Number of protein chains: 2
Amino acid sequence: MSSVKEVAKRAGVSSATVSRVLNNDPAVKPETRNKVLHIIRELNYKPNLMAKNLRKQSSKTIVMVLPTMANPFFAGIARGAQAAISESGYNVIIGTTEFDKLQLGTYINLLNTNLADGLILVSSNMSKEALLKLSKQHPVVLCNEYYDDLDIQSVSIDNRQAAYDAARELLARGYRNIGFVTGTRESSSLLGRMSGYRQALQEAGMAFNEHLVVKAKSNYEQVVEAVNSIAEKEKSLEGLIANSDMLASYILKGIKEGDIRLPGRPGLISFDGTFLSEVMNPALTTVAQPMYDLGYASVGLLLQKLRNRPETADKRHFLPHRLIVRET
Amino acid sequence: MSSVKEVAKRAGVSSATVSRVLNNDPAVKPETRNKVLHIIRELNYKPNLMAKNLRKQSSKTIVMVLPTMANPFFAGIARGAQAAISESGYNVIIGTTEFDKLQLGTYINLLNTNLADGLILVSSNMSKEALLKLSKQHPVVLCNEYYDDLDIQSVSIDNRQAAYDAARELLARGYRNIGFVTGTRESSSLLGRMSGYRQALQEAGMAFNEHLVVKAKSNYEQVVEAVNSIAEKEKSLEGLIANSDMLASYILKGIKEGDIRLPGRPGLISFDGTFLSEVMNPALTTVAQPMYDLGYASVGLLLQKLRNRPETADKRHFLPHRLIVRET
DNA sequence: CTGAAAGCGCTTACAG
DNA sequence: CTGAAAGCGCTTACAG
């Protein structure tokens, strides 16, 4: 492996000059530049970026932590992030917590040990306090979550409005008792959705019923059990909102297999709008989220911060959602 | 940010000693060690790993490049890789080529610029020559692909046998004309599958029919068109093998929507065994691949190489597949 | 058992 | 326009 020093010797200049050429310093005389460039090509020299980064005190790397790749929604966000990072001169390490089996701490350590410059937290379930502390130590951007009273950039859909829209759709179809099936993790986006859902019910003159909301792990058995538990208490369950397409796909399967017992076919609306919602049979009515854009925008915001560009006054960035009515 | 130097000064020792403590050098006197450890905690000192890596001439980072996260099969492999890397002291950068829109070259550059130590190529469509060249320059492991005559470690299922099994299953059900729908990219695993598929047909006394095999991009319209094009030429198309669950899900949708016109409901077997195959209606009969293990083993092999552990004589590592018969 | 010194491969303020 | 020198924060062979 050749180094700046070697290039310099061969070109008859100093390392400093080679470095300047490498970094397009306009002060370098054209002839000198060409001479150096020629040697660089000849030796097929590639700079050692570890050295450069150490010297410049920046790893040029960011970390995006998301719950799991097993859900196509998060995979979509990761795709957007990848796209945004390419050509930026940065690299992105995408990590998953797999619902806390792997520790978030591992990724935060990348920041502490100078291996990464900034962090994007996707649907993390960190406490507000922990988030506040973290954001004071490192550049952080939130994706799919936000806290009004926290001074951290965030990008997400308007979850309250989205859930409101979903519930209204079901209500408009004449369904009265509408359940809400969600994963096991608490999150600010879930809070927002719950509030929109409750508001819609309330406006329709219905008392909120606590046992209409049920948590389930994202696997078939648990989802079946969860829905059945609502149905038991609420004999005339007519509609269901699922917190993700994946959850909804298990519900559909449960109904088809007869494991979920409901009086009729329930109105079902899920969140996300992944390809799953298209290919399911029946096709899912879904609140589509701009996954790609969510990931893309998160990276944009973080890069802006790392480059010390001025930030918008409003830290919250809402991307539009879209209710796609299909067969459920 | 504190440094080794600062810790050293405060502890009244040299940087060398601090470094030794950090690296658990047993030569350090216990009292000295404790003194240093105490200061480290007091200052909440975290080593700068960029500096350490530069000095040790290793980035402690590997790269895994896969086609896309949009396919849950690859997402599953990524999960396995994540799991294998955790606690290894390495980091993994997972990149996607998105079918060559983003360049593979970007990731290879990470190796050239010392930002990564090794590479895992998942279903790449690199030429044998390019692969050979690359593997001479950097530690490389192949996943979902292999070449008999290339001296590169690889891990995959036995694709020939798997496709053979699938075709035999369809044949056993009495289906004669069996089509094969695949994505647009060439790959060694596809080649293996084609060979198993042909062999099964041949053994059943059927001439191989070129227009039974059709390529389609992984989206609904293209898949519909592809299947229809087979059906047109082969009036009595009875069975279909799909190169992925995703492809199969579009086929199912096409049949349901009536966009795909077939005389009867075809026997359909797909590859992968992602959760998609479970939740589809009808549920997919599929050749399940051990996605997680594929990713996990790939990382294991690469790490072994990077640590200069002896390699197995046989470079090819086959993981078992499993035919899961469901409703299609 | 420990320290002084060199060096990993870059960049940059300073001087000329 | 260019070079000598220092330094980013570590580790390690060498000497004692």
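Numbers restart at 1 for each chain; the letters A, B, ... are given by sequence-line order, proteins then strands. Because the structure is a prediction, the values reported are computed rather than measured.
The side chain of A:Gln57 contributes an N or O atom lying less than 4.0 Å from OP1 or OP2 of D:dG9. Residue B:Ser3 places none of its side-chain N or O atoms closer than 4.0 Å to OP1 or OP2 of D:dG9. The phosphate of C:dT11 (OP1 or OP2) has a side-chain N or O of A:Asn23 nearer than 4.0 angstrom. Under 4.0 angstrom from either OP1 or OP2 of D:dT11 there lies at least one side-chain N or O belonging to B:Lys52. For the OP1/OP2 pair of D:dT11 and a distance below 4.0 Å, the side-chain nitrogens and oxygens of B:Lys56 include no atom meeting the criterion. For B:Ser19, no side-chain nitrogen or oxygen approaches OP1 or OP2 of D:dC10 to under 4.0 Å. Look at B:Ser15 and you won't find any side-chain N or O under 4.0 angstrom from OP1 or OP2 of C:dA4. At C:dG3, one or more side-chain N or O atoms of B:Thr17 fall inside 4.0 Å of OP1 or OP2 (strictly under the cut-off). Residue B:Tyr45 has a polar side-chain atom (N or O) positioned under 4.0 Å from OP1 or OP2 of D:dC10.
The two residues A:Tyr45 and A:Leu22 have their closest heavy-atom pair at CE2-CD2, 3.7 Å.
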Report all interatomic pairs (protein N or O, nucleotide N or O of nucleotides 13-16 of chain C) with separations under 3.5 Å.
from: C:dA13; atom 1: N6; to: A:Arg20; atom 2: NH2; distance (Å): 3.1

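When rounded to the nearest whole Å, the span between CG of A:Asn112 and P of D:dG9 equals 15 Å. A:Lys35 has its NZ atom 12 Å from the C1' atom of D:dC1, to the nearest Å. The CE atom of A:Met50 sits 18 Å away from the P atom of D:dC8 (whole-angstrom rounding). Taking atom CG of A:Leu54 as the reference point, atom P of C:dT12 lies 12 Å away to the nearest angstrom. Taking atom NZ of A:Lys46 as the reference point, atom P of C:dC8 lies 22 Å away to the nearest angstrom.
For the residue pair B:His138 / B:Asn112, a side-chain donor-acceptor distance below 3.5 Å is found, with atom types taken as modelled. Between the side chains of B:Asn91 and B:Thr61, no donor-acceptor pair is found at a separation under 3.5 Å. With no hydrogens or angles considered, no side-chain donor-acceptor pair links B:Glu145 and B:Ser123 at under 3.5 Å. A donor atom on one side chain and an acceptor atom on the other are not found under 3.5 Å apart for B:Lys29 and B:Asn34. With 3.5 Å as the limit, one finds no donor-acceptor pair spanning the side chains of B:Asn53 and B:Ser58. Counted by atom type alone, A:Lys52 and B:Asn114 present zero donor-acceptor pairs between their side chains at under 3.5 Å.
Proximity note for B:Val4 (side chain, C-beta onward) versus D:dT11, D:dC1, D:dC8: the nearest is D:dT11. When distances are taken from the side chain of B:Val28 to each of D:dG9, C:dT12, C:dT2, the shortest belongs to C:dT2. If you check D:dT2, D:dC10, D:dC8 against the side chain of A:Thr32, the one that comes closest is D:dT2.
In DNA chain C, runs of at least 3 consecutive Watson-Crick or G-U pairs, each pair with both distances below 3.5 Å, span C:1-3 with D:14-16, C:5-12 with D:5-12, C:14-16 with D:1-3.
When heavy atoms are screened at a 4.0 angstrom cut-off, A:Asn53 is found touching no nucleic acid atom at all. Nucleic acid contact for A:Lys5: none, since no nucleic acid atom lies under 4.0 Å from a heavy atom of the residue.
Looking at B:Glu6 and B:Arg10, no side-chain N of the basic residue comes within less than 4.0 Å of a carboxylate O on the acidic one, giving no salt bridge.
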